[in-house]
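The figures that follow rest on heavy atoms only: side chains count, while hydrogens, waters and symmetry mates do not. None of these values were measured; they are calculated from a predicted model.
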Amino acid sequence: MHEGKISYWQMAVLFQVYMTGSALINIQGPLLAAAQNAAWISLLLANLIGFIILYLVLDLHNQFPNECYVNQVRITLGNIWAYVFILPLILVILYITSNIVYGMGQYFTTSMMRETPLFIFHLLILLTAGLTAKAGIEVMARMFHLLMYILLFIVVIMLILPFNVYDFSNLLPFAPLGFKPILNGMYIGFGFPYMDILFFAMILYLVKPKQGQTINKWLYLGLFINGIILSLTIICSILSLGSLVFLKKFPLHVLAQLISIGEIIERIEAIFGIALILGSFMKIALLLFILDQALSTLLKVKHLNFIYIIASIVLFLSLTMYKNEIELGESGSVMQTAVTFFFGFLPLLLVVVISKVKKRNRKQMA
């Protein structure tokens with residue numbers, strides 16, 4: 001396992017960029033298409049489910065603070081069940097990472113650089129993310145600390161500057177199609193980004209312990225901030241674009257195009273596009289690191305040996321899994337939530353329940 005350790009605040013920063021980074025690009029379009037005006041409610045409901053997942057993750061972390069999720073499963077259920085649960089989970093993380101890479105490439109080819117081949121963006125982002133992940137958790141913590149402030153600052157400015165085009169009547173009628181679309185949107189949000197919380201358990205043990213303190217409050221606060229930020233991006237997209245927003249794959253990019261202050265500040269969506277890509281880069285780098293942690297811990301080999309192999313597999317999958325963005329949308333809206341639930345959430349819940357039962361039995365025997 002990796003030996004480097006980072007502070008509580010650095011881990012909270014990594015958690016924030018991990019949860020918010022790629023979601024800034026990829027979550028608005030599917031949620032708005034599914035729930036329309038009530039998409040922000042779907043997001044907040046999915047965020048509440050995220051608190052349940054985070055509670056389960058932190059419960060295991062508090063029982064086994066020096067072990068990653070792989071070893072937590074191994075200690076609780078045994079070595080064979082660790083392979084049974086973790087190998088499918090690694091495949092799920094590979095699938096989700098490939099989806100994020102493909103979504104980032106689609107953002108470039110549909111919004112900014114339409115004539116450039118898709119594989120160029122996939123190759124460059126994975127090469128950069130792979131090198132960053134290879135540098136280790138301490139380097140990423142220091143690097144992403146500044147990048148998070150830049151990202152959040154640009155997003156806030158993006159939401160404030162087009163205030164003159166906001167029409168609050170666009171929020172009505174609320175839930176015109178009833179409650180079912182809200183549940184559909186919540187289903188999508190559960191699969192991405194909130195089921196990703198489980199994957200973060202692979203690196204949570206890398207935080208430096210402090211006497212009398214826990215990481216819990218920082219992660220709960222980070223998840224709350226994540227829900228507020230993502231819901232605000234959805235609300236602002238609806239305010240500015242109205243019913244047109246339901247047809248847009250990347251509403252934030254269109255929102256940035258509307259920014260115009262006199263004849264001085266206008267058509268600056270490329271700057272905001274770079275910020276959105278920055279978020280995806282940080283998420284992909286962390287997922288590559290998480291995949292390496294999971295695989296190396298499962299196989300009991302030295303860490304950081306699989307980064308480039310994993311990045312190559314993700315590149316291959318991102319270029320071959322989908323023929324177009326419609327297939328990606330269908331996969332993200334239906335399949336991703338299902339596979340993360342069955343191969344991620346249910347095993348996590350089982351491990352937590354069994355670990356609590358074993359802990360209670362040990363106390364009774366003592």
Side-chain angles (χ1 to χ4, degrees), residues 1-2 18 49-50 52-100 133 137 187 190-206 284 286-314 316-318 320-321 331-332 334-362:
M1 294 188 298
H2 193 81
Y18 173 79
I49 297 177
I52 298 174
I53 300 170
L54 182 58
Y55 168 79
L56 296 175
V57 167
L58 290 175
D59 184 84
L60 278 179
H61 173 69
N62 292 333
Q63 290 188 58
F64 312 103
N66 297 316
E67 305 291 346
C68 86
Y69 179 64
V70 176
N71 280 339
Q72 291 168 357
V73 175
R74 181 177 279 138
I75 293 170
T76 304
L77 301 178
N79 194 55
I80 294 177
W81 283 106
Y83 279 92
V84 171
F85 283 168
I86 299 302
L87 282 177
L89 185 62
I90 289 173
L91 295 178
V92 171
I93 302 175
L94 281 170
Y95 157 70
I96 291 175
T97 308
S98 302
N99 282 357
I100 295 173
I137 190 78
Y187 173 84
F190 169 74
F192 177 83
Y194 292 110
M195 196 56 233
D196 292 8
I197 296 171
L198 167 59
F199 313 148
F200 199 79
M202 299 290 182
I203 62 174
L204 199 53
Y205 76 100
L206 294 174
I284 294 168
L286 283 168
L287 282 172
L288 292 178
F289 186 82
I290 286 169
L291 280 164
D292 177 82
Q293 286 288 297
L295 194 56
S296 61
T297 305
L298 184 65
L299 300 178
K300 299 180 182 179
V301 299
K302 187 178 179 181
H303 64 273
L304 299 180
N305 282 339
F306 298 107
I307 292 288
Y308 298 137
I309 297 174
I310 293 169
S312 300
I313 295 173
V314 171
F316 174 77
L317 292 175
S318 66
T320 57
M321 283 200 307
S331 174
V334 180
M335 181 178 174
Q336 184 162 322
T337 302
V339 297
T340 53
F341 178 79
F342 285 108
F343 297 112
F345 180 77
L346 290 182
L348 170 66
L349 184 61
L350 180 63
V351 172
V352 171
V353 170
I354 292 177
S355 67
K356 281 184 172 295
V357 171
K358 286 187 173 182
K359 183 179 180 181
R360 186 185 62 182
N361 291 340
R362 287 195 298 268

Residues Leu317, Ile313; criterion side chain to side chain contact (heavy atoms under 4.5 Å, CB included); working and verdict: CA-CA 6 Å; Leu317 292 175; Ile313 295 173; 4.0 Å; yes

Worked check of side chain to side chain contact (heavy atoms under 4.5 Å, CB included) between Phe289 and Met202: CA-CA 9 Å; Phe289 186 82; Met202 299 290 182; over 6 Å; no

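For Ser98 against Met321, the heavy-atom pair with the smallest separation is CB-CE, 3.4 Å. Contact between Pro88 and Phe343 at its shortest, heavy atoms only, is CB-CD2, 3.7 Å. Residues Thr76 and Val351 share a closest heavy-atom pair of CG2-O, 3.8 Å. Contact detail for Lys358 and Ile75: the closest heavy-atom pair is NZ-O, 4.2 Å.
For Leu299, the side chain to side chain contact (heavy atoms under 4.5 Å, CB included) partners at least two apart in sequence or on another chain are Tyr83, Leu295, Val301, Phe306. Residues satisfying the ring-ring contact (aromatic ring centres under 6.0 Å, His included) criterion with Phe85, sequence neighbours excluded, are Trp81.
Within the 4.5 Å cutoff, no side-chain heavy atoms of Thr337 are placed close to those of Met195. Side-chain atoms of Leu304 and Ile307, non-hydrogen and from C-beta on, do get closer than 4.5 Å to each other.
Between Phe190 and Tyr194, the distance from one ring center to the other does not fall under 6.0 angstrom.
Checking side-chain atoms of Gln72 against main-chain N and O of Glu67 turns up a donor-acceptor pair under 3.5 Å. Tyr95 contributes no side-chain N or O that, together with a main-chain N or O of Val339, makes up a donor-acceptor pair within less than 3.5 Å.
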Side chains of residues 54-63: which donor-acceptor pairs under 3.5 Å do they make with residues two or more places apart or in other chains?
unit_1: Asp59; atom_1: OD1; unit_2: Lys356; atom_2: NZ; d: 3.0
unit_1: Asp59; atom_1: OD2; unit_2: Gln63; atom_2: NE2; d: 3.0
unit_1: Asn62; atom_1: ND2; unit_2: Leu58; atom_2: O; d: 3.1
unit_1: Gln63; atom_1: NE2; unit_2: Ser355; atom_2: OG; d: 3.2

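Neither side chain, Thr297 nor Tyr69, offers a donor N or O lying under 3.5 Å from an acceptor on the other.
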